[in-house]
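Note that ligands are numbered from 1 as they come in the structure, with each ligand's atoms numbered from 1 the same way.
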Amino acid sequence: MFADTPQWLLVLVAVYLSIPLMVYFIIPYLCYGTKSTKKRVIIFVLGDVGHSPRVCYHALSFSKLGWQVELCGYVDDTLPKNISNDPNITVHHISNLNRKGGQTSVLFMAKKVILQILSIFKLLWELRGSNYILIQNPPSIPILPIAVFYRLTGCKLIIDWHNLAYSILQLKFKGNFYHPLVLISYMVEMIFSKLADYNLTVTEAMRKYLIQSFHLNPKRCAVLYDRPGSQFQPFPSDISRQETITTESFMKDYIHSDFDIEKGDKIIVTSTSFTPDEDIGILLGALKIYENSYVKFDSTLPRILCFITGKGPLKEKYMKQVKEYDWKRCQIEFVWLSAEDYPKLLQLCDYGVSLHTSSSGLDLPMKILDMFGSGLPVIALNYPVLDELVQHNVNGLKFVDRRELHESLIFAMKDADVYKNLKENIIQETQNRWQANWENTMRQLKLIH
Ligand SMILES: *[C@@H]1O[C@H](CO)[C@@H](O)[C@H](O)[C@H]1NC(C)=O
Ligand SMILES: *[C@@H]1O[C@H](CO)[C@@H](O)[C@H](O)[C@H]1NC(C)=O
Ligand SMILES: *[C@@H]1O[C@H](CO)[C@@H](O)[C@H](O)[C@H]1NC(C)=O
């Protein structure tokens with residue numbers, strides 16, 4: 001009976017009938033996928049989720065506000081319970097080529113990047129219709145350009161600047177800024193960062209740098225300082241530390257019978273990855289001068305038990321150096337602790353030591369925060385931005401070479417008032433934890449109200 005109806009009319013009717021289908025099913029499917037009515041944020045980390053505390057904090061904070069959080073990253077180890085038990089957070093795995101035997105051939109790298117890109121595209125497609133995407137920088141390749149294009153879907157981009165990828169690469173290539181990889185990385189960061197909607201930085205110095213060098217808009221750029229993880233807590237004041245160190249399983253073997261913190265002996269700790277930019281030699285050198293002071297001038301100097309935690313390329317060399325020296329007042333132990341024992345060790349120490357220097361000169365070492373969280377004053381190798389974290393004689397002591405470190409050690413070991421004063425300030429600071437700080441910053445950027 002439709003035989004003499006013109007064909008164009010049939011097409012028109014078909015189009016007309018399909019409009020509701022388009023409006024109610026197909027367009028929403030294409031534009032929103034699995035999004036619910038809640039605000040949704042994608043958090044992307046090209047690293048192990050469990051080892052990225054800052055990312056986990058972001059996720060938990062958004063979740064607390066009732067947002068739908070899509071956390072994308074590698075999952076090498078087990079996830080923190082806080083993340084896996086949170087009904088508002090969904091974790092998505094990004095596939096990862098295992099770095100078998102440290103392969104670094106061009107072919108392998110290319111394969112890795114392509115696989116990563118495909119995996120990222122697939123995920124982003126599934127998560128279409130999100131309100132925000134938050135990425136960490138570095139790494140900037142390949143995620144930064146992809147995220148910038150993703151903005152076309154209406155998703156706003158937040159970059160959390162930890163450091164500058166090009167400056168880390170530059171360090172790898174012996175400071176050569178004109179190495180092609182460094183240049184590419186610099187260009188990617190400079191160009192694509194301009195296309196972000198919001199920027200977070202870990203330090204004021206980094207913020208200033210981005211505003212000056214990359215010409216970011218100061219209004220859309222805010223500082224969000226890191227905070228120590230909640231597993232780092234000061235040692236409870238109602239328990240005897242001396243008793244604990246002689247019974248705690250990972251520690252008691254290192255405690256000699258004449259070592260007594262109640263008589264003023266001190267435990268210090270440093271954690272390191274034994275790389276050339278963290279010179280453990282400075283600490284060992286200062287401890288040798290301390291030995292010398294003990295032998296020649298002052299037999300009342302307290303004993304020092306020094307823990308050096310971590311693994312890395314130069315470890316053997318330093319272990320040999322320590323073994324070959326005849327220590328009288330200091331005892332140096334190299335340890336490698338589990339993620340549960342490390343916070344326990346920090347609690348039991350008197351001081352933390354940091355030998356970290358920054359490749360960009362713009363970031364702050366997480367490990368100092370963890371020490372602060374555990375209530376330890378920190379004796380730190382100074383570099384320009386460190387002022388934002390450690391203030392001399394307020395929450396720590398700063399030094400520039402082994403001689404000054406030695407002076408700081410004498411000061412720190414002998415003067416009980418110094419310790420008391422520093423400790424009080426730290427305990428006050430540890431109360432300033434992540435969530436309040438985070439909400440404040442997000443409000444500043446008008447991301448939340
Ligand atoms: C998840 O979101 C709801 C609101 O949708 C909120 O009430 C709840 O506290 C959130 N859960 C967590 C663990 O933060
Ligand atoms: C999980 O979060 C709660 C409160 O936010 C905290 O008390 C707890 O220590 C956290 N656990 C871990 C493993 O971070
Ligand atoms: C940061 O936010 C500003 C806000 O304008 C935006 O224009 C800029 O492109 C973003 N990137 C940076 C790093 O500022």
Looking at Leu364 and Tyr383, what are the two nearest heavy atoms and their distance?
CA-OH, 3.7 Å
Quickly, which of Phe62, Tyr150, Phe44, Trp67 forms a ring-ring contact (aromatic ring centres under 6.0 Å, His included) with Tyr132? Name it, please.
Trp67
Would you mind listing each N/O atom of ligand 1 next to any protein N/O under 3.5 Å, plus the distance?
residue	atom	partner	partner atom	Å
ligand 1	2 (O)	Asn88	OD1	3.2
ligand 1	2 (O)	Asn88	ND2	2.4
ligand 1	11 (N)	Asn88	ND2	2.9
ligand 1	14 (O)	Ser63	O	3.4
ligand 1	14 (O)	Ser63	OG	3.1

Quick check: closest heavy atoms across Leu46 and Ile94, and the distance to 0.1 Å?
CD2-CD1, 3.9 Å
Any side-chain donor near an acceptor of the partner, Glu388 and Tyr225, under 3.5 Å:
yes
Do Phe307 and Phe334 have their ring centres less than 6.0 Å from each other?
no
Exercise: do Gln68 and Glu70 side chains pair donor with acceptor under 3.5 Å:
yes
